[in-house]
**Student:** 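Sharing a structure, written as structure tokens. Questions coming.
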Amino acid sequence: MEYNFLEIEKKWQSYWAKNQTFKVETDNSKPKYYVLDMFPYPSGAGLHVGHPLGYIASDIYSRYKTLKGFNVLHPMGYDAFGLPAEQYAIQTGTHPAATTNKNIERYREQLDSIGFSYDWSREVRTCDPEYYKWTQWAFLKMFSHWYNNETQKAESIDSLVKIFEKEGNTNVNAACGTVEIFSAQEWNSMSKKQQANSLMEYRIAYLGETSVNWCAALGTVLANDEVKEGLSIRGGHPVEQRKMNQWQLRVSAYAQRLLDDLDELEWSDSLKEMQRNWIGRSQGAQMLFKVSNGKEEFNLDIFTTRADTIFGATFMVLAPESEWVEKLTTSEQQEAVQEYIQNAKRKTERERMMETRKVSGVFSGSYAVNPFTQEKMPVWIAEYVLAGYGTGAIMAVPAHDSRDYLFAKHFNLPIIPLIEGCDISQESFDAKEGIMCNSGFLNGLSVEQAIPAAIDQVEKRELGKRRVNFRLRDAIFSRQRYWGEPFPIYYKEGIATPVESKELPIELPEVDKYLPTESGEPPLARAKKWTHNGYPLETSTMPGFAGSSAYYLRYMDPNNPNALVSKEANSYWRNVDLYIGGTEHATGHLIYSRFWNKFLYDLGYVCEKEPFKKLINQGMIQGRSNFVYRVKGTNKFVSYGLKNNYHTTEIHVDVNIVHNDKLNIESFKKWMPEYSSAEFILENGEYICGWAVEKMSKSMFNVVNPDLICKSYGADTLRMYEMFLGPLEQSKPWDTNGIDGVHRFLKRFWKLFYKESEFSVSEEKATANELKTLHKLIKKVETDIENFSFNTSVSAFMIALNELYETSCNKREILEPMVILLSPFAPHIAEELWNNLGHNTSVSKAFFPKYIHEYTIEDSFEYPVSFNGKLRYKLTLSNSLSKGEIESVIRENENTLRYLNGASIKKVIVVPKKIINIVC
RNA sequence: GCUCGGGUGGUGGAAUAGGUAGACACGCAGGACUUAAAAUCCUGUAGGCAGUAAUGCCUGUACGGGUUCGAUUCCCGUCCCGAGCACCA
């Protein structure tokens, strides 16, 4: 019987569905293991080819863990809110829910055809009201909590109100916005609205004015991780900075914990590094400088990491958006400053970035005093200082900061070197090394010593204090969009008021159009009745990352109507043991989820402080394009190897009509009408195509659909081939050359079980060599899977098969364990063979075979080696060496052996000519 | 500019507590079966030199040095590729 993969795969896929083979329940008798894929956004294009790579890896791992006796949670769902469905709705009027459901159906079909072992009874969709109820619930919790820096955790806002009533806010150390100090008396005499405004500054989910990335083309604000190089990630539209009143999440309160807890995660170094960068902790000092605009005096505060360079500070710089600009601009400079700021405002973020290194600035008219040198320092305004970082103002030390240096050179400001022997004639000396000079009491100290010494002095003189600054900003949480979670907030007499949690979910209303209103309000403002208790509801919706921030918790207890996740389910499944997905979420989803989880941890709803213990990033899949070469001005195509003899134009050709870089000429003629009469110049009777690695895209005709491969080779081949392609974490082109090799392996494996088209296995005892083959394989597959080195374990199967073919071994003792080993990789064929071997339960219920060391030890013997008649040590030699060979080994390796003489050598393994292993 | 990865045959890639470099697979070449093709099976395949041959020798893991009996692996320098961050004071 032939290996009929289509029939076998269909048969077992429906068997698994019918028997709910992969359904899991909490089971305290077994250890748990939680394997999670980053759930996909169901786009109209169907499953992206990069997706299966990670999914297959996670499926192999979870099937392996199941065989190892773990109770494995391996769920799947959909990140279903998102821009594409909404934009399609704007164009066509189709409800985004309809588009989304249709796409989900297609995704499900594709996923099913690859044979994944998901427990579909746990599916979640972020756009399902039963799910987003819990997104809204978490938001309300954040609204009703504040972050206490003393206890380093979130606490109830009611407790804060009690403190305010008793003693005001003087003793409260909270992560908060800018607040005036008030006493208990002042608090109690405030109006309701004033109190609400004050509390808003403390809430973890808060409404506040902030500079946002506004994307006019999309009509919405975007988070920092949704913008790249001044363009929106979705669509590539220009983004500008705008001040707007937006919902935000106080992620910055958790910056230190997000940073510290990275250490205990098993994530790749590069990913942790990216997060550290994004969090951007820097240690330094906040310092006060006396400034005067000629009429009034102020204390301007700045942040610096180089307090040691204070003696070289010759001017100050403010960000154009800084609130100090107004106070410090003198009347003479008013006009110039106005013009500069208007100019800066008009520029988009992108333009600002393009102009990096182009020096611009304007003098404010005010002067500060250097507290150590008493020198007068002009206060400037320049774009290179950012409003959002530190205090939006700096002391400029041109000798030791390249940006200050360029600025000083351009505007002819004084530059004072502070490091002995440094050359600052061409550029600044930024390195934190050397011996201080021109620096009063710091002279003679190294930079390393000078930094703390300077801060000590600053603190002593009450000019400032130590401070840690983070780059991580609060997450902007409002989107002026339709297709997202509505906020459970309504406005009662102008006060943002939470909806009672028992009234959740606040469901997305129907609207006549998915566009903003004429007055520029978000689409939800079009809804007929968008009120709660008679008051207007918030019209923004939540961003994409809202729904994906806690979905891994919902999988633990997906149908619970009373809680996001029950205590029992959470304390059994705890957190994700293995998370697989792309790096593109490094600074978005993976930060927000960690924040969300820590918040829920503070409140006692979850028992682990980190959501994802181990994380693997599967590499990006690029496209591998093929080219044909048209001779210029003709309809003749010349084969790759001969193209240099002609003037040719390179043309992309659909990779689906090319096999192993050979063009299928008939398909090519039919591909496009203009090629129907094409002529070809062949080499050796074939047309060879050129190729290149490019981005996978329709326009380059290099998109390969996984369904197609399932149809022509089978899912098992697809699964094994994708793993065989190379290391999981490495980016690589999607290249189907070579898929035949893996397919051939499966066919050959199948044939071991079939003699003359009859299924037949022998009950005979296995030979020593056969056992050795099996146990080498068990060991290899086990360690490879544990190390996520799936490509080498596929190779190991091939090697084992080649060895078994030598004796056409069809013994049950060998083949039955091999079927189990193969089942994570190629589950359908394994299931069929397992069934034929006489088992009536799924192979996934079997146990991973045990590796027995004795079967794989090499035969060897010890050989004494002596120099000058004195026995030095024994060589362990392979049994197959003859006496002559041993002597020649000793001769050849005399140098090595003399070196070994005297060392405490336990074992030396030698093969003809070479020493291959020395065990000390 | 800074940070982190990575450079191995015609191709994808194996092998690093330093120990037979190129496993496995693709491709290619030759052969068997076949009227033929497909499928299948067998043999060869880093490069160079010598030999009728079995075989032997030399050179080879981006480049240049170093440590070592021994380096693809460790150290220093250079070049190239990829990813991320980017006026963060």
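Below, chains carry the letters A, B, ... as their sequence lines are ordered, and counting in each starts from 1.
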**Student:** At less than 4.0 Å, is any side-chain N or O atom of Lys747(A) found next to OP1 or OP2 of rU40(B)? Yes or no.
**Tutor:** yes
**Student:** Report the distance from atom OH of Tyr754(A) to atom P of rA39(B), rounded to the nearest whole Å.
**Tutor:** 23 Å
**Student:** Take atom C1' in rC24(B) and the same atom in rG13(B), then report the distance between them in whole Å.
**Tutor:** 9 Å
**Student:** Is a side-chain N or O of Lys272(A) found less than 3.5 angstrom from the main chain of Leu265(A), in a donor-acceptor match?
**Tutor:** yes
**Student:** rC85(B), rC24(B), rA89(B): which one has an atom nearest the side-chain heavy atoms of Arg471(A)?
**Tutor:** rC85(B)
**Student:** Mark yes or no: Arg748(A) above the aromatic ring of Tyr805(A), with NZ or CZ under 6.0 Å from the six-membered ring centre and no more than 45 degrees from the axis.
**Tutor:** yes
**Student:** Under 4.0 Å between a side-chain nitrogen and a carboxylate oxygen: does that hold for Glu782(A) and Lys779(A)?
**Tutor:** no
**Student:** Asn469(A) near the nucleic acid: base, sugar-phosphate alone, or nothing, with a heavy-atom cut-off under 4.0 Å?
**Tutor:** nothing
**Student:** Under 4.0 angstrom, heavy atoms only, what part of the nucleic acid is Pro733(A) near: base, sugar-phosphate, or nothing?
**Tutor:** nothing
**Student:** Can you tell me how far P of rA89(B) sits from CE of Met395(A), to the nearest Å?
**Tutor:** 13 Å
**Student:** Under 4.0 Å between any heavy atoms, over every strand shown, what does Arg744(A) touch: base, sugar-phosphate, or nothing? Just pick one.
**Tutor:** sugar-phosphate
**Student:** Base, sugar-phosphate, or nothing: which does Ser795(A) touch, judged by heavy atoms less than 4.0 Å apart?
**Tutor:** base
**Student:** In whole Å, what separates the C1' atom of rU72(B) from that of rA62(B)?
**Tutor:** 12 Å
**Student:** Do Arg744(A) and Asp740(A) sit within salt-bridge range, that is, some charged N less than 4.0 Å from a carboxylate O?
**Tutor:** no
**Student:** Sticking with atom P, work out how far rG65(B) lies from rA71(B), rounded to a whole angstrom.
**Tutor:** 14 Å
**Student:** Is any side-chain nitrogen or oxygen of Tyr384(A) closer than 4.0 Å to OP1 or OP2 of rA89(B)?
**Tutor:** no
**Student:** Roughly, in whole Å, what's the span from CZ in Arg276(A) to P in rC4(B)?
**Tutor:** 11 Å
**Student:** Hey, which sits more toward the 5' end of RNA chain B by its nearest nucleotide, Ser789(A) or Leu725(A)?
**Tutor:** Leu725(A)
**Student:** For atom P, what is the distance between rU20(B) and rU11(B), given to the nearest Å?
**Tutor:** 24 Å
**Student:** Would you classify Asn791(A) as touching base, sugar-phosphate or nothing, given that sugar-phosphate means primed atoms plus P, OP1 and OP2, and contacts are heavy atoms under 4.0 Å?
**Tutor:** sugar-phosphate
**Student:** Apply the syn/anti split at 90° from 0 to rG7(B) and say which one it is.
**Tutor:** anti
**Student:** Roughly how far apart, to the nearest Å, are rG77(B) and rU73(B) at atom P?
**Tutor:** 16 Å
**Student:** Which whole number of Å gives the distance between the C1' atom of rA21(B) and that of rA46(B)?
**Tutor:** 10 Å
**Student:** Under 4.0 Å between any heavy atoms, over every strand shown, what does Lys662(A) touch: base, sugar-phosphate, or nothing? Just pick one.
**Tutor:** sugar-phosphate
**Student:** Using the P atom on both, measure rG18(B) against rA89(B) and round to a whole Å.
**Tutor:** 39 Å
**Student:** Whether Gln730(A) contacts rG5(B) is assessed here as follows: a side-chain N or O lying under 4.0 Å from the phosphate OP1 or OP2. Is that the case?
**Tutor:** no
**Student:** To the nearest Å, how far apart are Trp267(A) CH2 and rA83(B) P?
**Tutor:** 22 Å
**Student:** Select from Met798(A) and Ala387(A) the residue whose nearest nucleotide in RNA chain B is closer to the 5' end of that strand.
**Tutor:** Met798(A)
**Student:** Apply ring-ring contact (aromatic ring centres under 6.0 Å, His included) to the pair Phe315(A) and Phe411(A), showing each step before the final yes or no.
**Tutor:** CA-CA 11 Å; Phe315(A) 58 103; Phe411(A) 290 105; 8.8 Å; no
**Student:** Thr391(A) vs Asp301(A), test: side-chain hydrogen bond (donor to acceptor under 3.5 Å, both in side chains). Steps then yes/no.
**Tutor:** CA-CA 7 Å; Thr391(A) 62; Asp301(A) 55 346; 4.7 Å; no
**Student:** Taking any heavy-atom pair under 4.0 Å as a contact, classify Arg281(A): base, sugar-phosphate, or nothing.
**Tutor:** nothing
**Student:** Could you measure between the two C1' atoms, the one in rC33(B) and the one in rA39(B), and give it in whole Å?
**Tutor:** 11 Å
